[in-house]
2 protein chains.
Amino acid sequence: MRIGELADEAGVSVRALRYYEEQGLLTAERSGSGQRHYGDAAAERVRLIQLLYSAGLTSRTIADLLPCVDAKVSTPESRARLAAERDRIDTQIAELTKTRDRLDAVIALSTAPESNCVVALA
Amino acid sequence: MRIGELADEAGVSVRALRYYEEQGLLTAERSGSGQRHYGDAAAERVRLIQLLYSAGLTSRTIADLLPCVDAKVSTPESRARLAAERDRIDTQIAELTKTRDRLDAVIALSTAPESNCVVALA
DNA sequence: CTAAAACCTGACGCTGACGTCAGAGGCAAG
DNA sequence: CTTGCCTCTGACGTCAGCGTCAGGTTTTAG
């Protein structure tokens with residue numbers, strides 16, 4: 001599988017794939033002429049990377065976590081790292097939920113037929 | 001209340017407050033010499049702004065939404081805007097939850113006493 | 001065999017939310 | 001009245017995750 005094909009399949013740009021490699025998130029075999037070749041598992045891996053990015057993790061953090069996910073190496077540090085990120089995400093979910101509820105309240109107010117607004121804000 | 005005091009109380013930098021004003025998110029009265037002065041409600045407003053930022057909204061979006069929150073102006077457009085952002089956040093929560101569960105699975109694997117790993121990944 | 005399409009390696013550009021430094025003025029305390 | 005902290009307005013710096021262009025090689029289709 002060449003880079004363009006993988007890009008299509010995983011729904012990202014070719015540039016992004018090269019960037020992931022540069023950041024140590026994705027490895028590729030090279031043909032004699034230097035072209036990258038990927039196995040079938042690559043697409044799934046790219047989707048995982050995207051998932052972690054979309055959760056707000058940085059390249060550095062993902063690079064730290066992926067070996068834990070892959071090799072099942074289980075040092076106390078790696079477990080701590082995973083747990084820490086998990087908790088960070090949990091916190092973020094809580095914040096987002098708060099924000100969503102806040103927006104819901106505003107929406108309810110602006111939709112409701114002129115009821116007791118100020119009270120509802122509290 | 002002057003800008004430094006507000007910054008302390010709201011837990012943000014002075015620079016950030018000036019930036020918020022520049023983006024039209026926060027207004028201040030000016031003393032004769034040009035110094036900013038804020039009312040007591042300002043701290044709460046700054047925290048709201050921070051909440052929205054942390055939910056991934058941009059300055060532009062927040063600037064669009066705040067008038068709806070404030071003035072309770074309820075045009076069809078504003079309601080649509082609010083609902084759209086609400087849905088975006090909902091989607092983001094779903095993604096984060098997915099990511100967290102994924103991490104939980106990995107953690108369970110690396111913690112578990114050598115059980116049937118591969119099966120559990122599916 | 002050739003032209004198009006895909007790939008390669010730099011390397012600079014971009015956006016958003018500030019950090020930071022420069023140079024100058026304002027304000028309460030001793 | 002001056003010392004020291006706070007504030008002001010520019011304006012440039014930063015960092016991440018790519019986009020994009022340049023200039024050159026490689027693979028594929030006809």
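Each chain gets a letter, A, B and so on, in the order its sequence line appears, and its residues count up from 1. Keep in mind the model is a prediction, meaning the values are calculated, not measured.
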Whole-Å gap separating [atom2] ([N]) and [atom1] ([X]):
X: L26(A); N: dG17(D); atom1: CG; atom2: P; answer: 15 Å
X: R30(B); N: dC8(D); atom1: CZ; atom2: P; answer: 6 Å
X: L25(B); N: dA17(C); atom1: CG; atom2: C1'; answer: 11 Å
X: E21(B); N: dT7(D); atom1: CD; atom2: C1'; answer: 13 Å
X: I62(B); N: dG16(C); atom1: CD1; atom2: P; answer: 13 Å
X: E22(A); N: dC15(D); atom1: CD; atom2: C1'; answer: 14 Å
X: H37(A); N: dT26(D); atom1: NE2; atom2: C1'; answer: 10 Å

OP1 or OP2 of [N] versus the side-chain N and O atoms of [X]: is any pair under 4.0 Å?
X: Y20(B); N: dA17(C); result: no
X: S33(B); N: dC8(D); result: no
X: Y19(A); N: dG17(D); result: yes
X: S59(B); N: dA17(C); result: yes

### Message
Which residues in residues 47-55 of chain B have a heavy atom closer than 4.0 Å to any atom of DNA chain D?
### Response
none

### Message
What residues from residues 83-100 of chain B pass a heavy-atom cutoff of under 4.0 Å to DNA chain D?
### Response
none

### Task
Check ring-ring contact (aromatic ring centres under 6.0 Å, His included) between Y38(B) and all other residues, then give those that pass, not counting sequence neighbours.
none

### Query
5'-most contact on DNA chain D: Q23(A) or G32(A), nearest heavy atom basis?
Q23(A)

### Summary
Sorted by position of nearest nucleotide on DNA chain D, 5' first, the leading residue of Y38(B) and S31(A) is Y38(B)

Sequence neighbours excluded, which residues qualify as side chain to side chain donor-acceptor pair (under 3.5 Å) partners of [X]?
X: S31(B); result: S33(B)
X: E77(B); result: T75(B)
X: T97(A); result: none
X: S54(B); result: E95(A)

Any protein N or O atoms within reach of nucleotides 5-7 of chain C? Criterion: under 3.5 Å, listing atom names and distances.
unit_1: dA6(C); atom_1: O3'; unit_2: R2(A); atom_2: NH2; d: 3.4
unit_1: dC7(C); atom_1: OP1; unit_2: G4(A); atom_2: N; d: 2.8

#### Entry: Sequence neighbours excluded - side chain to side chain donor-acceptor pair (under 3.5 Å) pairs with any residue from residues 2-15 of chain B
none

Identify the heavy atoms of [X] and [Y] that sit nearest to each other, and give their distance.
X: A10(A); Y: A43(A); value: CB-O, 4.3 Å
X: V12(A); Y: L17(A); value: CG2-CD2, 3.6 Å
X: C68(A); Y: L82(A); value: CB-CD1, 3.9 Å
X: L25(B); Y: L66(B); value: O-CD1, 3.7 Å

#### Entry: Student check: side-chain heavy atoms of R102(B) and L52(A) closer than 4.5 Å
no

Select base, sugar-phosphate, or nothing to describe what [X] touches, counting heavy atoms under 4.0 Å on all strands.
X: L57(B); result: sugar-phosphate
X: R60(B); result: nothing
X: T58(A); result: sugar-phosphate

Protein-nucleic acid N or O pairs under 3.5 Å, nucleotides 20-22 of chain D:
unit_1: dT20(D); atom_1: O4; unit_2: R15(A); atom_2: NE; d: 3.0

### Task
Tell me yes or no: between the side chains of Y53(B) and S59(B), is some donor less than 3.5 Å from an acceptor?
yes

### Task
Please list all pairs passing the salt bridge (Lys or Arg N to Asp or Glu O under 4.0 Å) test where one or both residues lie in residues 34-44 of chain A, with sequence neighbours left out.
E21(A)-R36(A), E44(A)-R47(A)

### E29(B), CD: over 12 other non-hydrogen atoms inside 6.0 angstrom
no

For residues 83-90 of chain A, run the donor-acceptor check on the side chains, cut-off 3.5 Å, and write out each pair with its distance to 0.1 Å, sequence neighbours left out.
unit_1: E85(A); atom_1: OE1; unit_2: R88(A); atom_2: NE; d: 2.9
unit_1: R86(A); atom_1: NH1; unit_2: D104(B); atom_2: OD1; d: 2.7
unit_1: R86(A); atom_1: NH1; unit_2: D104(B); atom_2: OD2; d: 2.5
unit_1: R86(A); atom_1: NH2; unit_2: D90(A); atom_2: OD2; d: 2.8
unit_1: D90(A); atom_1: OD1; unit_2: R100(B); atom_2: NH1; d: 2.8

